[in-house]
Asks: 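I'd like to ask you about the structure that follows.
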Amino acid sequence: MMYSEKVMEHFMNPHNVGEMENPDGVGEVGNPQCGDIMRIYLRIENDVITDAKFMTFGCGAAIASSSMATDLIKGKTLEEAWKITNKAVAEALNGLPPVKMHCSVLAEEGIHKAINDYREKQGLEPLEEKPDADCCG
Ligand code: FES
């Protein structure tokens with residue numbers, strides 16, 4: 001299987017790894033296909049993600065996706081971050097092998113869960129996850 005150089009870079013040297021104390025939102029998701037787990041932590045100020053961290057127990061593609069996804073959402077509004085798809089994460093990594101696309105879905109779902117965790121803490125309705133039928137190509 002061929003990973004892009006960008007994937008290898010983020011896998012060997014992931015950005016934003018670690019736990020966050022008192023995060024404003026946390027999302028934990030698991031991949032039923034492989035049992036891998038990803039947790040995303042968000043620091044949010046005035047609806048802007050000022051910091052993001054992750055802990056991922058998973059394959060190289062999942063770790064690279066978490067690293068890239070947390071990079072992408074930093075500085076974004078919650079609305080912008082919600083719209084970041086797994087495909088956008090995979091593209092930013094210069095592509096993932098087709099059998100590894102589902103690993104990037106963890107990152108999209110983790111961000112969504114963390115944003116909804118924050119919304120619930122604020123007493124807001126959770127945003128709807130739209131079914132992404134063609135997520136895994
Ligand atoms: Fe499990 Fe990639 S194989 S997330």
Side-chain angles (χ1 to χ4, degrees):
M1 176 189 320
M2 285 295 289
Y3 281 131
S4 71
E5 255 176 55
K6 196 114 205 147
V7 172
M8 287 312 289
E9 213 177 281
H10 278 264
F11 169 58
M12 307 291 274
N13 229 331
H15 306 173
N16 316 308
V17 180
E19 286 188 72
M20 186 186 280
E21 272 188 42
N22 303 318
D24 297 304
V26 188
E28 184 175 304
V29 284
N31 185 329
Q33 294 176 46
C34 60
D36 290 348
I37 295 170
M38 179 183 298
R39 197 177 297 156
I40 305 263
Y41 303 92
L42 302 178
R43 175 89 53 231
I44 298 164
E45 278 165 41
N46 299 324
D47 271 4
V48 173
I49 297 173
T50 56
D51 197 13
K53 290 210 170 293
F54 78 89
M55 297 281 275
T56 294
F57 180 82
C59 72
I63 290 168
S65 296
S66 330
S67 170
M68 180 52 85
T70 44
D71 269 357
L72 288 175
I73 59 176
K74 279 205 261 181
K76 297 260 188 316
T77 64
L78 294 178
E79 207 186 323
E80 289 164 341
W82 184 271
K83 291 189 193 139
I84 293 175
T85 61
N86 78 296
K87 283 190 191 135
V89 173
E91 269 165 34
L93 287 167
N94 294 333
L96 282 171
V99 295
K100 287 285 173 182
M101 277 306 279
H102 73 272
C103 313
S104 62
V105 174
L106 275 184
E108 179 184 328
E109 288 178 356
I111 292 168
H112 286 177
K113 271 211 169 174
I115 289 176
N116 274 339
D117 179 51
Y118 169 76
R119 288 181 63 90
E120 273 173 40
K121 285 179 184 151
Q122 305 293 308
L124 298 168
E125 291 285 308
L127 297 172
E128 293 258 340
E129 191 81 65
K130 63 168 168 24
D132 189 2
D134 63 350
C135 77
C136 305

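Note that these values count all heavy atoms, side chains included, but never hydrogens, waters or copies made by symmetry. Positions are given from 1, in the same order as the sequence printed here.
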Asks: Would you indicate whether the side-chain heavy atoms of V17 and S67 approach each other to under 4.5 Å?
Replies: no

Asks: Rounded to the nearest 0.5 Å, what separation is found between the CD atom of E108 and the NZ atom of K87?
Replies: 9.0 Å

Asks: Just wondering, do H10 and H15 contact through their side chains at under 4.5 Å, heavy atoms?
Replies: yes

Asks: With a 4.5 Å cut-off on side-chain heavy-atom distances among I, L, V, M, F, W and Y, is there a chain of contacts connecting V7 to I63?
Replies: yes

Asks: Checking R43 against K53 for the side-chain contact (heavy atoms from CB on, under 4.5 Å) test, could you report, in this order, the C-alpha distance in whole Å, the side-chain angles of both residues, the deciding distance, and whether it holds?
Replies: CA-CA 9 Å; R43 175 89 53 231; K53 290 210 170 293; over 6 Å; no

Asks: Any link between M8 and L93 through a network of hydrophobic side chains (Ile, Leu, Val, Met, Phe, Trp, Tyr) touching at under 4.5 Å?
Replies: yes

Asks: Output the distance between atom CD1 (I111) and atom CG (L106), rounded to the nearest 0.5 Å.
Replies: 11.0 Å

Asks: Give the minimum heavy-atom separation between D51 and K74, together with the two atoms involved.
Replies: OD1-CD, 3.7 Å

Asks: Tell me yes or no: between the side chains of N16 and T70, is some donor less than 3.5 Å from an acceptor?
Replies: yes

Asks: In Å, rounded to the nearest 0.5 Å, how long is the span from CD1 of I73 to OG1 of T50?
Replies: 10.5 Å

Asks: Using every non-hydrogen atom in the two residues, find where A69 and V89 come nearest and quote the distance to one decimal.
Replies: CB-CG2, 4.1 Å

Asks: Which pair of non-hydrogen atoms, one from P14 and one from F54, has the smallest distance, and what is that distance?
Replies: CB-CZ, 4.0 Å

Asks: Mind checking the CE-CG spacing from M38 to D36? Nearest 0.5 Å is all I need.
Replies: 8.5 Å

Asks: For A61 and C103, which heavy atoms make the closest approach, and how far apart are they?
Replies: CB-CB, 3.9 Å

Asks: Please determine whether side-chain contact (heavy atoms from CB on, under 4.5 Å) holds for the pair L78 and R119, giving the CA-CA distance in whole Å, both sets of side-chain angles, and the decisive distance to 0.1 Å.
Replies: CA-CA 10 Å; L78 294 178; R119 288 181 63 90; 5.5 Å; no

Asks: So, K121 and D117, do they make that salt bridge, N to O below 4.0 Å?
Replies: yes

Asks: Which residue in the set I49, L42, V26, D47 passes side chain to side chain contact (heavy atoms under 4.5 Å, CB included) when paired with Y118?
Replies: D47

Asks: Is there a donor-acceptor pair closer than 3.5 Å between any side-chain N or O of R39 and the backbone N or O of E28?
Replies: no

Asks: Check H112 against W82 and note the closest heavy-atom contact, atom names and distance.
Replies: NE2-O, 2.8 Å

Asks: Rounded to the nearest 0.5 Å, what separates atom CG in L96 from atom CD in E91?
Replies: 10.5 Å

Asks: Group every Ile, Leu, Val, Met, Phe, Trp and Tyr by side-chain heavy-atom contacts under 4.5 Å, then state whether L72 and M20 land in the same group.
Replies: no

Asks: Checking N31 side chain against Q33 main chain: does a donor-acceptor pair fall under 3.5 Å?
Replies: yes

Asks: Looking only at heavy atoms, what is the nearest atom pair of S66 and A62, with distance?
Replies: OG-O, 2.5 Å

Asks: If I take atom CD from residue E45 and atom CG from residue D24, how far apart are they, to the nearest 0.5 angstrom?
Replies: 7.5 Å

Asks: Evaluate the side-chain proximity of P126 to E120: yes if any heavy-atom separation is below 4.5 Å, no if none is.
Replies: yes

Asks: One thing to verify: whether K83 and E79 come together as a salt bridge, which I'm taking to mean a side-chain N less than 4.0 angstrom from a carboxylate O.
Replies: yes

Asks: Would I44 end up clustered with L127 when hydrophobic side chains under 4.5 Å apart are linked, directly or stepwise?
Replies: yes

Asks: Please check this pair: side chain of S104 against backbone of S65, looking for a donor-acceptor N/O pair closer than 3.5 Å.
Replies: no

Asks: Are F11 and Y3 connected into the same hydrophobic cluster when the rule is that any two of I, L, V, M, F, W, Y join if their side-chain heavy atoms are below 4.5 Å apart?
Replies: yes

Asks: Other hydrophobic cluster members with L124, side-chain heavy atoms of Ile/Leu/Val/Met/Phe/Trp/Tyr under 4.5 Å, chained?
Replies: none

Asks: Provide the full list of salt bridge (charged side-chain N to carboxylate O under 4.0 Å, His left out) pairs with a residue in residues 5-16, sequence neighbours left out, each pair given once.
Replies: none

